[in-house]
Amino acid sequence: MESKLRVLVLLPSLISGGAERQTIDLINNLHGRGLELNLCYFKRVETLRENLREDLLQGFYCLEKSKGLDFLLLKKLVAIIRGFKPHRILCVNMYTGLYGLLARKLALSDSLLLQSIHSTVINDTRHKIVLQMIYKHTINMADRIIFVSNNQMHYWLDKHGIDPAKSLYIYNGVDLNYFSSESMLNKREGCRAQYGFLASDIVLGMCATLTGLKRHVDLVDAAVILRTNNYPVKLLFIGDGEEHEKIMDYVNEKGMEKFVYITGFQSDVRPFVSACDIMVVASISEALSISVLESMAMSKPIVATDVGGIPEQIVHGVNGFLFQPLDVYSLASNIERIIQGGLAAEMGERSRAIVEDKFSKENMIDAYEKVLKT
């Protein structure tokens, strides 16, 4: 009987982020493809744990990372590598890659190490310093480097000197059966009623963690412009985050408190996306947005910033419009183009077609399986 390929996955946490959600999708779907999987996550943040098929794992460990370089965590990881004897170690984002490299060396393992990168521009000063001093070197020490979009990959190659010979990109994928407009037909009106949305209201949605990087305040400003021009727009921010209070203070300052709603964290975003007419991404930086893919799969038109891998998802004028970050007037103008032209349904259908062609979960799983087995 042929032995299975053993894969150890290193994940920062089980928080509700794009990289974490994509990795859980991988784990849940790679088991039946001749692979044995172990998962180590570094911090006990477990928002997405209920989404993980733990029964499919050979081993499942929280390493309880402390601040700084954690030698106890490293010791635990070395023991796991020696016990599991993985053929491949998949490190999700940069600091798991650092520990993966150190532990592989200390365990005297001959496993191949794959480093996946899910970010593009690093805005935090401390992380910029660590990137320049440490991470850009440890990334190049991996055997394969996986990005999530072509634009993102070339940014890292050009900006940080990442080895092109080791680099490739695999698009994130979305479950086309789970994320579909048809699956939520009976939820849309109920969700709209929950927030008091009228049939005449045009609901603009943003599905993103409430952080400064996502620029929720820019959509608030665009909505002020649109309402001044007599468009009955309201906003639905799907999610929660550290800037919840700050954003609501801004909403109140702009006199928009009757028109902006925040759902809080949602394990299932589909009813809320379904309730929206147009989805918006105003981020300063994106690698390849999973929330955009989910919205596209649910046949929504998208207005998004022209950053990172977004132009590989949104074809300007086809399934949405692109605008430059921080340009609230362009954001408002592009939303107005969809409303005035009655383009939402047509663009939404094109969104769905693009996802089916390029961004299905099956395409992503097939690509990762091929890389892991090569």
Side-chain angles (χ1 to χ4, degrees), residues 16 18 21 51 174-210 214-224 226-227 231-241 244 247-248 251 256-283 289-304 313-314 319-321 331-332 334-352 355:
S16 183
R21 289 158 64 196
N51 298 71
V174 64
D175 187 330
L176 294 170
N177 293 321
Y178 187 76
F179 288 96
S180 68
S181 57
E182 291 78 8
S183 68
M184 290 289 113
L185 282 176
N186 61 339
K187 298 287 183 74
R188 174 179 162 86
E189 295 309 320
C191 191
R192 287 177 71 95
Q194 176 183 342
Y195 293 98
F197 297 146
L198 304 176
S200 57
D201 287 333
I202 300 163
V203 181
L204 311 177
M206 185 181 288
C207 188
T209 306
L210 274 58
K214 302 298 183 180
R215 299 297 302 177
H216 291 77
V217 294
D218 290 351
L219 183 52
V220 174
D221 286 340
V224 170
L226 290 163
R227 290 197 66 86
Y231 291 103
V233 299
K234 292 183 179 177
L235 307 186
L236 188 61
F237 291 154
I238 306 166
D240 209 345
H244 187 133
I247 289 169
M248 285 311 302
V251 167
M256 291 288 287
E257 59 274 9
K258 294 181 180 179
F259 312 113
V260 180
Y261 301 86
I262 298 177
T263 69
F265 171 76
Q266 301 295 328
S267 58
D268 184 0
V269 301
R270 294 175 301 163
F272 305 93
V273 174
S274 179
C276 299
D277 299 296
I278 301 168
M279 296 300 292
V280 175
V281 176
S283 307
S289 172
I290 290 179
S291 67
V292 166
L293 294 182
E294 292 169 350
S295 297
M296 289 171 63
M298 295 187 68
S299 302
K300 299 297 177 181
I302 317 289
V303 179
Q313 300 173 278
I314 308 303
N319 65 316
F321 293 106
L331 169 55
N334 282 310
I335 293 170
E336 185 177 21
R337 290 171 73 181
I338 294 176
I339 298 170
Q340 274 195 340
L343 302 175
E346 182 182 353
M347 284 187 159
E349 289 176 6
R350 292 172 184 164
S351 282
R352 175 73 184 188
V355 170

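What you are looking at is a predicted structure, and each value in this text was computed from that prediction instead of being measured. We count residues from 1, following the sequence as given.
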Practice prompt. Hey, could you give me each pair passing salt bridge (charged side-chain N to carboxylate O under 4.0 Å, His left out) that has a residue in residues 270-283? Not counting sequence neighbours.
Written response: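 Counting only pairs at least two positions apart or across chains, the salt bridge (charged side-chain N to carboxylate O under 4.0 Å, His left out) contacts touching residues 270-283 are R188-D277, R192-D277, D268-R270.
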
Worksheet item: Pairs in or reaching into residues 174-185: which pass salt bridge (charged side-chain N to carboxylate O under 4.0 Å, His left out), with residues at least two apart or in two chains?
Response: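 Applying salt bridge (charged side-chain N to carboxylate O under 4.0 Å, His left out) to every pair that reaches into residues 174-185, excluding sequence neighbours, yields D175-K361.
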
Side chains of [X] and [Y]: does their closest heavy-atom pair fall under 4.5 Å?
X: L219; Y: H216; result: no
X: L204; Y: L226; result: yes
X: L235; Y: M206; result: no
X: F237; Y: V220; result: yes
X: S295; Y: I302; result: yes
X: Q340; Y: Y231; result: yes
X: M279; Y: M298; result: no
X: M184; Y: P271; result: yes

Locate the shortest heavy-atom distance separating [X] from [Y]; write the atom from each residue and the value.
X: M256; Y: A223; result: CE-CB, 3.6 Å
X: L176; Y: A297; result: CD2-CB, 4.3 Å
X: F259; Y: R227; result: CE2-NH2, 3.3 Å
X: Q313; Y: S289; result: NE2-O, 2.8 Å
X: P301; Y: I338; result: CB-CD1, 4.2 Å

Atom [atom1] of [X] and atom [atom2] of [Y]: how far apart are they, to the nearest 0.5 Å?
X: I278; Y: I339; atom1: CD1; atom2: CD1; answer: 4.5 Å
X: I262; Y: M248; atom1: CD1; atom2: CE; answer: 5.0 Å
X: R21; Y: I290; atom1: CZ; atom2: CD1; answer: 5.5 Å
X: M296; Y: I314; atom1: CE; atom2: CD1; answer: 5.0 Å
X: L210; Y: F265; atom1: CG; atom2: CZ; answer: 13.0 Å

Item to complete: For N51, enumerate each residue passing the side chain to side chain donor-acceptor pair (under 3.5 Å) test, keeping only those at least two apart in sequence or located in another chain.
Response: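 If we apply the side chain to side chain donor-acceptor pair (under 3.5 Å) test to N51, skipping adjacent residues, there are no hits.
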
Fill in: Residues which pass ring-ring contact (aromatic ring centres under 6.0 Å, His included) with F272, listed by chain and number, not counting sequence neighbours
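F272 satisfies ring-ring contact (aromatic ring centres under 6.0 Å, His included) with no other residue.
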
Fill in: Expected output: side-chain R215 to main-chain S283 donor-acceptor under 3.5 Å
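Pair absent, no side-chain N/O of R215 close to backbone of S283.
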
Worksheet item: Is a side-chain N or O of K300 found less than 3.5 angstrom from the main chain of C276, in a donor-acceptor match?
Response: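 Pair found, side chain donor or acceptor close to backbone of C276.
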
Worksheet item: Which pairs pass side chain to side chain donor-acceptor pair (under 3.5 Å) with one or both residues in residues 194-204, sequence neighbours excluded?
Response: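 Matches after skipping sequence neighbours: D201-K234.
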
Worksheet item: Among all residues two or more places apart in sequence or in another chain, which pass the salt bridge (charged side-chain N to carboxylate O under 4.0 Å, His left out) test with E346?
Response: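 Listed in chain order: R350.
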
